[in-house]
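For the numbers below, each heavy atom of this structure counts, side chains included, while hydrogens, waters and symmetry mates do not. Model, not experiment: these values are computed from the prediction. The residues of the chain are indexed from 1 along the displayed sequence. In listed order, ligands and their atoms are each counted from 1.
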Amino acid sequence: MNIDYVVFNRREEEAGSPPPLPRKHTRRIRSFPVLTTKEIESIIRKNCGSIEAAECHGKGKNRVYILPEAFNEYKTMVSYGRRSPVNCREQKYIGLGHIFSDGFGGTHIVVVHFIEIPTMNRSSVSAGNLGPNGEANPGLDFLEYYRNEFIEHESSYNTDAFGAVVDPFQEYGASEFVLEGHTHPDLGAFWSGTDRESGAARAAKVPICIFVCDPVRQEMLGAIGKNFEQAKVILFDRINTEEKMSLTDKIVKLTNDCIRLHGLSGNVKSYEGWDGKVRIRINLIVPKDARGSGM
Ligand SMILES: [Zn+2]
């Protein structure tokens with residue numbers, strides 16, 4: 001069963017639209033807005049706040065950009081970096097976002113949101129979209145529901161918790177299905193025969209990204225379109241401001257945290273003296289009855 005068929009063709013059926021004419025004669029090749037990697041990266045850096053390209057996987061002229069909000073969703077969804085009860089069996093998911101052309105036959109994909117596909121009959125090497133006897137899986141209805149809900153509200157809530165833009169590409173239209181992925185828990189990231197077969201079918205009409213990730217080993221592999229063209233996957237993350245702090249700033253922050261956590265008052269300041277050396281001054285106010293209490 002084809003997820004994109006289930007999710008994306010059902011609405012047409014429900015709307016009672018007439019059966020499509022033979023595709024060979026009526027299908028127009030869809031064109032995508034043209035943006036170079038430079039343009040995409042500059043739009044991301046300009047709008048998505050204090051971020052960095054935290055991880056890169058693979059190579060190729062095609063790119064798959066995972067925006068910071070989506071990367072954080074992803075890390076939680078697959079317990080990225082450890083074994084967990086959630087990721088010990090194969091997980092499937094879709095990515096919503098935008099597709100761009102590089103103007104030279106290449107494709108760049110931007111992922112703004114992930115939704116896990118509720119699958120059944122899972123093992124570490126498989127996960128079924130259908131029930132044990134091939135019956136319908138109500139999970140696919142939820143997938144469609146969550147996807148529609150996201151698309152309906154994405155433009156109303158496009159600011160993240162840090163005041164930055166979640167998806168700076170909304171002017172190019174609503175998000176759509178741009179990635180289909182699954183996990184290989186502690187098996188490594190590679191294409192199995194089944195992956196190639198199902199991926200080619202999924203990307204037959206639109207050059208979406210076929211994606212596989214080993215969440216435990218933190219390996220990723222992305223390909224574009226039915227011919228599995230190689231792609232470089234770039235994941236953006238927020239810069240951990242604490243990591244970028246200088247040693248003195250860190251000491252000042254830790255000491256201040258320590259004072260607050262113990263319910264004391266006072267402050268810590270660092271300053272550079274005339275000799276160029278940095279000094280740290282702690283002004284700590286300890287109440288009489290707290291002295292010697294070991295707090
Ligand atoms: Zn696989």
Side-chain angles (χ1 to χ4, degrees), residues 1-8 55-60 62-66 70-71 73-97 99 107 109 111 113-134 136-137 139-140 142-144 146-147 177-235:
M1 171 79 59
N2 220 326
I3 286 282
D4 55 2
Y5 175 79
V6 170
V7 175
F8 306 107
E55 290 186 28
C56 289
H57 300 265
K59 51 187 179 178
N62 305 295
R63 296 275 189 283
V64 178
Y65 295 100
I66 316 267
F71 186 28
E73 289 170 349
Y74 191 81
K75 285 191 273 193
T76 307
M77 183 175 73
V78 303
S79 308
Y80 196 55
R82 72 175 183 106
R83 287 168 177 276
S84 84
V86 165
N87 72 14
C88 60
R89 290 181 172 171
E90 182 176 311
Q91 291 174 276
K92 287 185 175 178
Y93 40 86
I94 64 166
L96 300 179
I99 303 176
T107 302
I109 282 173
V111 180
H113 181 50
F114 283 101
I115 307 176
E116 184 166 1
I117 304 172
T119 53
M120 302 170 90
N121 305 315
R122 297 204 254 198
S123 75
S124 62
V125 292
S126 69
N129 290 337
L130 300 178
N133 303 309
N137 165 13
L140 299 184
F142 284 98
L143 176 64
E144 184 183 13
Y146 293 141
R147 166 190 162 270
F177 172 57
V178 296
L179 176 147
E180 191 180 81
H182 65 285
T183 57
H184 283 180
D186 210 9
L187 300 164
F190 60 92
W191 303 121
S192 71
T194 321
D195 293 345
R196 285 191 178 275
E197 219 170 277
S198 66
R202 223 64 104 220
K205 283 177 256 167
V206 178
I208 62 160
C209 169
I210 306 300
F211 189 82
V212 66
C213 166
D214 181 335
V216 182
R217 299 183 200 171
Q218 298 185 303
E219 294 173 13
M220 295 182 183
L221 198 54
I224 306 260
K226 59 179 182 213
N227 296 324
F228 274 67
E229 277 183 42
Q230 285 192 320
K232 185 172 181 176
V233 181
I234 301 174
L235 298 105

S.K.: When you measure from the centre of the six-membered ring of Phe177, is the NZ or CZ of Arg147 under 6.0 Å away and within 45° of the axis?
M.R.: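 Ring-cation test returns no.
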S.K.: Distances under 2.8 Å only: what protein N/O/S atoms are near the Zn ion (ligand 1), ordered by chain and residue?
M.R.: His182 NE2, His184 NE2, Asp195 OD1, Asp195 OD2
S.K.: Can you name the closest pair of heavy atoms from Met77 and Gln91 and give their distance?
M.R.: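 What the structure gives for the nearest pair is O-NE2, 2.9 Å.
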S.K.: Ignoring hydrogens and geometry beyond distance, is a side-chain donor-acceptor pair present between Glu73 and Tyr93 at under 3.5 Å?
M.R.: no
S.K.: What's the shortest heavy-atom distance between Ala203 and Gly225, and which atoms?
M.R.: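 Taking every non-hydrogen atom into account, CB-C, 3.5 Å.
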S.K.: How about Tyr80 and Met220: do any of their side-chain heavy atoms sit closer than 4.5 Å?
M.R.: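 Yes, close enough: below the 4.5 Å cut-off.
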S.K.: At their closest point, which heavy atom of Glu219 faces which heavy atom of Ala189, and how far apart are they?
M.R.: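 Looks like OE1-N, 3.0 Å.
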